[in-house]
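Below: one structure, written as structure tokens.
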2 protein chains.
Amino acid sequence: MITIKDIAKLAGVSYSTVSKALNHDPRIKHTTREKVLAVAEKHHYRKNIMAQQLSSGRSNIIGFVLDELNNPLFANISGNLHAELKKLGYQMILVVADEGMDVLDHLRVDGCIFWDYEMTDRAAFWKRFSNIQIPCFVLGTDDSPNSPYIKIDRKEGIYKAVEHLRNNGHTEIGFIGNSQPIKLEGYREALQRTGLEWNKDYILPAYSSWEDGYFAIRNYEWTSKSPTAFIGLNNMVTRGALRALLEAGYKVPSDISLIGYDDLPDMQYAEVALTTIGPPLDELAIQAAELIVALIRGEQVQYPVIIQPQLYHRQSVASYKAT
Amino acid sequence: MITIKDIAKLAGVSYSTVSKALNHDPRIKHTTREKVLAVAEKHHYRKNIMAQQLSSGRSNIIGFVLDELNNPLFANISGNLHAELKKLGYQMILVVADEGMDVLDHLRVDGCIFWDYEMTDRAAFWKRFSNIQIPCFVLGTDDSPNSPYIKIDRKEGIYKAVEHLRNNGHTEIGFIGNSQPIKLEGYREALQRTGLEWNKDYILPAYSSWEDGYFAIRNYEWTSKSPTAFIGLNNMVTRGALRALLEAGYKVPSDISLIGYDDLPDMQYAEVALTTIGPPLDELAIQAAELIVALIRGEQVQYPVIIQPQLYHRQSVASYKAT
DNA sequence: CTGAAAGCGCTTACAG
DNA sequence: CTGAAAGCGCTTACAG
């Protein structure tokens, strides 16, 4: 493997000159830089980032830690984040699963963004988080002890959905999915704010997958007092629920209205183009990239950064009609 | 940031002893190792992997390079691969997009697996590939100049699909998607092998997304000689096509049979549980993990490793009935 | 404008 | 069983 010293010999200069030339140090004469660059190119020299990081403390790499990849949401966020970080001069590497935290801390990337994943043990997470030695923050968390974070105001998002349904005359509004407490809280508060009644039977149990949403509806026992509108926990649950509704013979939106959480492209291509609420995903990436770079630079930052979910109107909500 | 030297001082031993203790070198006395480990633990010592790699040449990290994350197939493969590599003592990091190649080569991970992504310029890819300085191979490619690789026998997979449809009496078999030449070749050869006629109108243009499949069917002009069965390019195209078929009033499988490529869980949860062909994804990960580790260890390996796609029978194929 | 030298945090023969 | 020393491939004051 070819190193800076090899290039130095081949170019007939000292290796510290090679280093500077490679880094476009302005003190190096133009012609010698060209010469060095040509030799490096010719011999397929690749800088050893590990050595660079060890010596200078910079790797220009940022880690993004996810607990899973099965939600298309993450593909979307990763893609956007990668693009934004690139604009700022960083590469992004992804680590999936719990060990991600350790990997990146050990790897000494410049900074690290965690998606606020479903933790089995939040206390343990924050304890480990506080021991991380590199700049980092949690994206999409609702609170982060003594450290910057980006919050998605999910409760407000749910409120916008409930309000929209309420404005369309719905008074019996259900929620599909019970795996995210913050969304259920938002649901409860939204009902209160819109003067509707909370009814625990209106929450259909579902974890997070397409099947969960599908079977939540399949297993639901309809009564004359059943909801006339539902909000789905996330993109997958919502699409599964939609399928089950259609299979059961309900028309969406004329019989049942449905709003999904997460505004992914998939949502508009569902059997019925889904009205959604969710954070603007492009903005999310921009804010995340800016925050991590600010932290790396040691700048003062205001936090939390709050992202407001938006309501995206499509075809899955209709006015309530008494039957 | 705490280093090996800090630990050495605190534990009252030399830092080379600390290094050995941390690496469970058997020459270190049990009691001193315990002491060192306790001190390290107490001060949240984290080994600097960059330094370890620089010094020893090993990072125990393997890179997986993808060109995109939008196909659920990749989430599945990544997850499986991560799990398999972990069993073998490695961590996996993911890099998305073209720069992935450069990032990992610069980063000097121990080894690197490329998904055979859709390249705009294959020649350029192989040129760069051949310059990579670390053990690496391409997963899912059909050929790899002078280097090990894992081939998915896609042609044979397509053949199994065509044969299955043929056995069910279908003689007019279409293919949805024209972005993967190897699959089209397989399709053509399969028709020949089963004694069916090739008809260019039976190939519906579609790139790779759900929408592509959906609109391929929507835009298709049906005639009395239209196919009675289709094979979909990948999971997304197939599901999009299925939706469009159902919307157009075709019953699947009684009017039209459909086989999808890629056996992801999503496929069985489609409106009609989809019969699929595709590589066994668990086996794919096992083989990939074993191959990269063998390459890192410098072992001789037989290549190509060939993965045979399987046919997974579900509900989307029926016998042809003349109308 | 260029180079010699120290140092980043580890590992690893080698000596004892 | 432990330690002193060299070295991995870079960067960066510092001297010239």
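Naming convention: chains lettered A, B, ... in sequence-line order (proteins, then strands); numbering from 1 in each chain. FYI, side chains are in, hydrogens and waters are out, and symmetry mates aren't considered; it's all heavy atoms of this structure. Not measured: the values here are computed from a predicted model.
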Just to be sure I understand the rule, does Thr3(A) reach a base, reach only the sugar-phosphate, or reach nothing, if contact means heavy atoms closer than 4.0 Å? sugar-phosphate
Contact boundaries on DNA chain C for chain B, cut-off under 4.0 Å to non-hydrogen atoms: dG9(C) to dA13(C)
Want to settle it: does Ile28(A) or Ile2(B) sit nearer the 5' end of DNA chain C, counting the closest nucleotide to each? Ile28(A)
Check Leu81(B) against Ala289(B) and note the closest heavy-atom contact, atom names and distance. CD1-N, 4.0 Å
So, Phe64(B) versus Trp115(B), ring centres under 6.0 angstrom or not? no
Passes side-chain contact (heavy atoms from CB on, under 4.5 Å), Ile307(A) versus Asp153(A)? Steps please. CA-CA 6 Å; Ile307(A) 307 275; Asp153(A) 195 347; over 6 Å; no
Qualifying residue, where the test is side chain to side chain contact (heavy atoms under 4.5 Å, CB included) with Lys151(B) and the options are Leu139(B), Asp142(B), Val305(B): Asp142(B)
So, does Asn80(B) use its side chain to make a donor-acceptor pair with the main chain of Ala285(B) at under 3.5 Å? no
Applying side-chain contact (heavy atoms from CB on, under 4.5 Å) to Asp262(A) and Asn76(A), what does each step give before you reach the verdict? CA-CA 11 Å; Asp262(A) 293 335; Asn76(A) 190 301; over 6 Å; no
At a heavy-atom distance below 4.0 Å, what parts of residues 54-61 of chain B sit against DNA chain D? Leu54(B), Ser55(B)
Would you say Arg154(B)'s side chain and Gly140(B)'s backbone share a donor-acceptor pair under 3.5 angstrom? yes
In chain order, what residues pass the side chain to side chain contact (heavy atoms under 4.5 Å, CB included) check against Ser14(B), with sequence neighbours excluded? Ser16(B), Thr17(B)
Whenever both distances are under 3.5 Å in a Watson-Crick or G-U wobble pair, mark it; put DNA chain C into dot-bracket that way, with [ ] for crossing pairs and | when the partner is on another strand. |||.||||||||.|||
Of Pro26(A) and Tyr15(B), whose nearest nucleotide on DNA chain C comes first from the 5' end? Pro26(A)
Could you go through Ile62(A) and Ile296(A), starting from their C-alpha distance and side-chain angles, then the distance that decides it, and tell me whether this counts as side-chain contact (heavy atoms from CB on, under 4.5 Å)? CA-CA 10 Å; Ile62(A) 285 174; Ile296(A) 290 169; 3.9 Å; yes
Pick one: which of Phe137(A), Phe114(A), Tyr149(A) meets ring pair (Phe, Tyr, Trp, His ring centres under 6.0 Å) with Phe129(A)? Phe114(A)
Would you confirm whether Asn48(B), through its side chain, and Met50(B), through its main-chain N or O, come within 3.5 Å as a donor-acceptor pair? yes
Give me the residues of residues 34-48 of chain B where at least one heavy atom lies under 4.0 Å from an atom of DNA chain C, by number, or none. Tyr45(B), Arg46(B), Lys47(B), Asn48(B)
Specify the residue among Lys29(B) and Met1(A) whose closest nucleotide of DNA chain D lies further upstream toward the 5′ end. Lys29(B)
Do Lys47(A) and Gln52(A) have side-chain atoms, one donor and one acceptor, less than 3.5 Å apart? yes
Taking side chain to side chain contact (heavy atoms under 4.5 Å, CB included) as the test, write out the residues that go with Val293(B), two or more places apart. Leu88(B), Tyr90(B), Arg297(B)
